[in-house]
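All remarks here apply to the structure that follows.
All values reported here derive from a predicted model rather than from experimental measurement. Computation of the quantities below employed the complete heavy-atom set of this structure, encompassing side-chain atoms and omitting hydrogens, waters and symmetry-equivalent molecules.
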Amino acid sequence: MINDLRSYMNVLREQGELNLLESPVDLNRELGSILASVEKKGMPAVHFTNLKEREGEVVGGLLSSHRKIALALGCKTKEISNVLMKAYENPIKPVKVKTADFHKNIKTGKEASLMELPIPIHAPEDGGPFITAGACISRDPETGRQNVSFQRMHIKSDNRSGIMINEWRHLREMMKKAWAKGEGLPIAIAVGVDPAVLIGAGFRYDGDEMEIASAIRQTPIEVVKCQTSDILVPAHAEYVIEGQILPDLLEKEGPLAEFTGHYGKLWDSPVFELEAICHRDKPIWQTMNGGSFEHINLGNVLPREPLLENYTRYVSKNVVDVHIPPYGGGFLALIQMKKTNPGEPKNVAMAAMTSHVNIKNVIVVDEDTDIYNASEVWWAVTNRVNPREDVFVVPNSQGHELDPCSDPVGVQNKTGIDATSKAHMSDLKKVVYPDYDLTQLAFS
């Protein structure tokens, strides 16, 4: 059973999805380059145990593919969206416990240092080391409701970092409430957690996202009180970093490789001040490359595929499967359906565009096209699309501000493509070879 980072790593290792790397590796851009290279080649995640000039271990690429995500959820690849939607609709409250393994190692005040943590500088032009795979946990200063989210944190010194918070985040709402009182906002960053916590953190949910994580596991996640605040954090985390967002203070932060595949600009961002660092014995730091498939999966794919499925199936019960491929940066949606009406694919494509502002391009294909195989999708686009009849544009739609094709407030044009077979193609049969079990053969 998966209940923390280590148990998940064991599952990956047993399934050939995690490699151990004992060669010395530099945290300054070398580790990030290794993770990028193995992701491009579809190789397993990497556990780094020999860091140059720094104590500790690092693991990355754990949720970079749907194969690994399915292992994290204990389901088949095609069941991922259903599992997540069921969890979203049936939350389970976490359970509070009194102790945690990370209580064995606690540093506070000047003893604690962010610069001593094994935090990589990932991409060649990143502005410095960033915490990228931490679950940021906060508590509403008025209602007491907790929130779990992803926030990049640019390490500036031993006790300070920048923290970028988008305008639409619940965390920003909480921060503004604290600032209105002239106070800072306590937060905690849990690093190295059960992947269910990271996946839950990607959802926009009006309750505590730890409830979604618990529902994914179908059992309450254990949480424990922080040392310096009343925030409840995952009891099985590898590291817990505690502190506060300082009141009414902004500093330049960035750049970082973004999910769009570009480097983000320098931002005037709030400032986090460290108060405590807690960790397990021989802790493992979890990281992910900015702009990686893992980054896109957690931020754009997993929280949005369930809604995409709901929206499109509301329009047509003939939708078979949906996918937001990470190579599309979260801006591309693929819909597989059993078409019964020639106008059906266009309606489904428009429904997909309304499921989330990020979705800009939609391709609808038949059941015989594997939406998890890009070569099959583009075969359908090439062989089954008449641009004049099968491509349509929705002008001046709301999109994402970071999309290079949008204007400064995110207005853009969206495109739908009907790549299903047409009536005049009915006598053309697609070539499909049966799958062969190659393990039966003795290759040399």
Side-chain angles (χ1 to χ4, degrees), residues 26-33 35-36 39 58 60 113-115 117-136 138 149-176 179 184-185 187 189 191 198 201-202 241 243-274 285-300 326 329-331 358 399-410:
D26 196 329
L27 288 170
N28 188 354
R29 298 177 173 86
E30 183 180 17
L31 186 147
S33 293
L35 287 179
E39 181 176 276
V58 176
S113 172
L114 294 169
M115 301 299 286
L117 298 175
I119 305 174
I121 301 176
H122 298 88
E125 296 184 34
D126 280 357
F130 279 83
I131 299 175
T132 54
C136 179
S138 55
S149 61
F150 287 111
Q151 313 296 153
R152 77 186 201 191
M153 299 184 70
H154 185 177
I155 307 304
K156 301 291 188 66
S157 66
D158 284 324
N159 69 338
R160 285 195 176 187
S161 80
I163 177 168
M164 183 182 178
I165 309 173
N166 298 112
E167 288 291 334
W168 48 272
R169 296 273 189 182
H170 286 134
L171 178 59
R172 180 167 284 271
E173 295 174 9
M174 296 178 183
M175 181 187 74
K176 286 181 176 180
W179 284 12
L185 180 72
I187 63 171
I189 315 301
V191 179
L198 292 184
I241 301 168
Q244 65 169 315
I245 300 173
L246 296 175
D248 297 309
L249 179 61
L250 300 177
E251 291 181 355
K252 294 293 183 185
E253 173 268 343
L256 177 74
E258 281 290 355
F259 70 91
T260 61
H262 301 83
Y263 286 99
K265 299 178 181 179
L266 287 172
W267 295 86
D268 288 320
S269 293
V271 176
F272 168 81
E273 186 170 77
L274 177 69
W285 183 269
Q286 184 177 355
T287 196
M288 65 180 174
N289 277 357
S292 65
F293 281 5
E294 185 173 22
H295 181 182
I296 297 165
N297 280 334
L298 284 170
N300 291 276
F331 299 137
N358 279 29
H400 196 290
E401 298 94 322
L402 290 181
D403 185 340
C405 298
S406 295
D407 72 9
V409 295

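Rounding to the nearest 0.5 angstrom, the gap separating the CG atom in L256 from the CE atom in M164 is 9.0 Å. With rounding to the nearest 0.5 angstrom, the CD1 atom of I245 is 9.0 Å from the CZ atom of R172. In this structure, CG in N159 is found 7.5 Å from CG in L114, a value given to the nearest 0.5 Å. Atoms CG and NZ, from D248 and K176 in turn, are 12.0 Å apart once rounded to the nearest 0.5 Å. Note that CG of L274 and OG of S113 are 8.0 Å apart. Values are rounded to the nearest 0.5 Å. To the nearest 0.5 Å, atom SG of residue C136 and atom CZ of residue R152 are 14.0 Å apart.
For residues 259-269, the pairs satisfying salt bridge (charged side-chain N to carboxylate O under 4.0 Å, His left out) are K252-D268, with sequence neighbours left out. Among residue pairs with one or both ends in residues 291-300, those qualifying as side chain to side chain donor-acceptor pair (under 3.5 Å) are N300-R304, N300-N358; sequence neighbours excluded.
Partners of E251 according to the side-chain contact (heavy atoms from CB on, under 4.5 Å) rule, which considers only residues two or more places apart in sequence or in another chain, are K156, R160, L249, V271. For the salt bridge (Lys or Arg N to Asp or Glu O under 4.0 Å) test, no residue two or more places apart in sequence or in another chain qualifies with E39. Applying the ring-ring contact (aromatic ring centres under 6.0 Å, His included) test to H170 and every residue at least two apart in sequence or in another chain returns nothing.
In this structure the side chain of W285 reaches within 4.5 angstrom of the side chain of I131, judged on heavy atoms. Proximity of T132 to N289: side-chain heavy atoms (C-beta onward) are nowhere separated by under 4.5 Å. Residues E253 and I163 form no side-chain contact, since every pair of their non-hydrogen atoms from C-beta on lies 4.5 Å or further apart. Taking 4.5 Å as the limit, some side-chain heavy atom of L250 sits within range of a side-chain heavy atom of P270.
Shortest non-hydrogen contact noted between A201 and F150 is CB-CE1, 4.0 Å. Taking each heavy atom of P326 and I296 in turn, the nearest pair found is O-CD1, 3.2 Å. Heavy atoms only, all atoms of each residue included: N28 and D26 are closest at N-OD1, 2.8 Å.
Between the side chain of S138 and the main chain of I187, no donor-acceptor pair closer than 3.5 Å is present.
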Would you give me the side-chain donor-acceptor pairs under 3.5 Å for residues 117-130, sequence neighbours excluded?
| unit_1 | atom_1 | unit_2 | atom_2 | d |
| --- | --- | --- | --- | --- |
| H122 | NE2 | T287 | OG1 | 2.6 |
| D126 | OD1 | A257 | N | 2.9 |
| D126 | OD2 | A123 | N | 3.0 |

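Here the rule is side chain to side chain contact (heavy atoms under 4.5 Å, CB included) with F272, and of M153, Q151, H154 only M153 fits it.
In this structure, W267 places its CH2 atom where only 12 or fewer heavy-atom neighbours from other residues, nucleotides or ligands lie under 6.0 Å away.
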